[in-house]
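For reference, the structure discussed in these notes is given below.
Here is how names work: the chains are called A, B, and so on, in the same order as the sequence lines, proteins then strands, and each is numbered from 1.
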Protein chains: 2
Amino acid sequence: MRDAPTAKGRATRARIVEGAAGVLREQGVTFTTLDDIRARTGTSKSQLFHYFPEGKDELLLAVAQFEADRVLADQQPHLGCLDSWESWRKWRDVVVERYERQGDQCPLGSLFLQVGRSRTGARAIVAELMRQWQAQLADGMRALQAGGLVSPALDVERASAALLAGIQGGVSIMMSTGDSTHLRAALDDCIERLRASAGDRDRT
Amino acid sequence: MRDAPTAKGRATRARIVEGAAGVLREQGVTFTTLDDIRARTGTSKSQLFHYFPEGKDELLLAVAQFEADRVLADQQPHLGCLDSWESWRKWRDVVVERYERQGDQCPLGSLFLQVGRSRTGARAIVAELMRQWQAQLADGMRALQAGGLVSPALDVERASAALLAGIQGGVSIMMSTGDSTHLRAALDDCIERLRASAGDRDRT
DNA sequence: AGCACTTTGGACTTGCCGGTCCATTTCTGG
DNA sequence: CCAGAAATGGACCGGCAAGTCCAAAGTGCT
């Protein structure tokens, strides 16, 4: 049932996932029932179980994957070519803007907390997301190094890990406080350190 | 009922909170029922509602407060006197050790996600925890400044916000990946930057 | 058109779990 | 030792939400 036989089926499945993602963002996993999803997506109970035979968990997992894909996509094209200070700045702005708009809705955090226990799949999704995210940050740092904008002595692995951690923490703090100060601080602090590790030329 | 009339009552209430905290860590909020808590704490249903008349939410909130108090307490006495590089190092080790031991059990994160929607109280607890935590980090940085170990030009507010974000993110990444690399990276990176902002003397 | 398969509708079942209630026991103060 | 309050035990209730099932409608292929 992963890929439905007919086009109509595939469309319905996609509609369910997308609609479910919306409901989940608004209400949180805990307070979302299959009936809510049914109502939002204009489907019947049997459809839900037709496309997700293993029930709610399977659907939640599909939504988690859907959201995870969006996280990186939303940062493109900037995340993909972090080879100048200007591109880093733009990327930073996109990240801040995206998460501020999202506000206190945490599509992934809560999802994997719920599903994580029962299905190991959820952890894998998040872990893979983190891996790719960090890899792209590391690529960007190496691009700066290649351009002579950052010291070759910089420990790229560690710096990218720290930056990723800062983002995650910034976002999760924003979830509880509604304030993006920490996210901004983490991003700016890390980027500024990259700058400091260069010579002082090209401070744009 | 906040503070029970008799000593026995107070003891029971405390036993419930503590036991509930244990169950919640192990199973997560979603999969924990009042019966689980009842079993663990050797109490009866009526006791639960006797001490927490508003039901599960009230109990969850009490546990959240209990856990929040522990977070800072576990970092003492180091967090309280971050006035030398040595004390920062010790504190860093304590944080890493504490969260590695905790592993993938997230006492607070999941709690406030659940309760946060229904009761605003949970957010307040987390927000207050973050405030105090960051304040103590900022104090530590100012102590370093006072001792001439760190440049007076350092933006303490931003640096402490970034550090806190890094810790939070490091911990939450560890929740999904089981790996403390990011937490360590965030701590070490931030502390190293503090060092770099000083003159180079006293690099112990 | 006709057959097989997919998709859809929605009533129904089932079990769980938060919450209620009252009876009983244990404390405490005088 | 006694009254009144606090603490405890546990049976019971009611609602909700996940999951089942079968019949009906649509779809595509020959």
Write down the distance between CZ (A:F31) and C1' (D:dG15), rounded to a whole number of angstrom.
17 Å
Here the gap from B:H50 atom NE2 to B:I16 atom CD1, rounded to the nearest 0.5 Å, amounts to 9.5 Å
With sequence neighbours excluded, what pairs up with A:D188 under the side chain to side chain contact (heavy atoms under 4.5 Å, CB included) test?
A:R92, A:R184, B:R158
How does protein contact run along nucleotides 18-30 of chain D, one letter per nucleotide 5' to 3', with B for base contact, S for sugar-phosphate only, - for none, heavy atoms under 4.0 Å?
BBBB----SS---
For A:E128, what residues pass the side chain to side chain contact (heavy atoms under 4.5 Å, CB included) criterion, not counting sequence neighbours?
A:R131, A:Q132
Among residues at least two apart in sequence or on other chains, which ones pass side chain to side chain donor-acceptor pair (under 3.5 Å) with A:T177?
none
Quick one: is A:T43 getting a side-chain N or O under 4.0 Å of the C:dG9 phosphate, OP1 or OP2?
no
Could you tell me which residues satisfy side chain to side chain contact (heavy atoms under 4.5 Å, CB included) with B:A159, sequence neighbours excluded, listed by chain and number?
A:D189, B:M141, B:L154
Rounding to an integer number of Å, can you tell me how far A:R13 CZ sits from C:dT6 C1'?
15 Å
Looking at D:dA7, I'd like to know if its phosphate oxygens (OP1 or OP2) sit under 4.0 Å from a side-chain N or O belonging to B:Q47.
no
What is the distance, to the nearest angstrom, from the NE2 atom on A:H50 to the C1' atom on C:dG10?
16 Å
May I ask you to verify if any side-chain N or O of B:Y51 is less than 4.0 angstrom from the OP1 or OP2 atom of D:dT8?
yes
Answer yes if the side chains of A:Q168 and B:H182 hold a donor-acceptor pair under 3.5 Å, and no otherwise.
no
Spacing between A:L59 atom CG and D:dA17 atom P, to the nearest angstrom
16 Å
Rounded to whole angstrom units, what separation is found between the CD atom of B:Q27 and the P atom of C:dC17?
10 Å
To the nearest Å, how far apart are B:R38 CZ and C:dC16 P?
15 Å
Please give, in whole Å, the distance from C:dC17 P to B:L60 CG?
15 Å
Quick one: list whatever passes side chain to side chain contact (heavy atoms under 4.5 Å, CB included) with A:E97, sequence neighbours left out.
A:R101
Nearest whole Å is fine: how far is C:dT7 P from A:R15 CZ?
12 Å
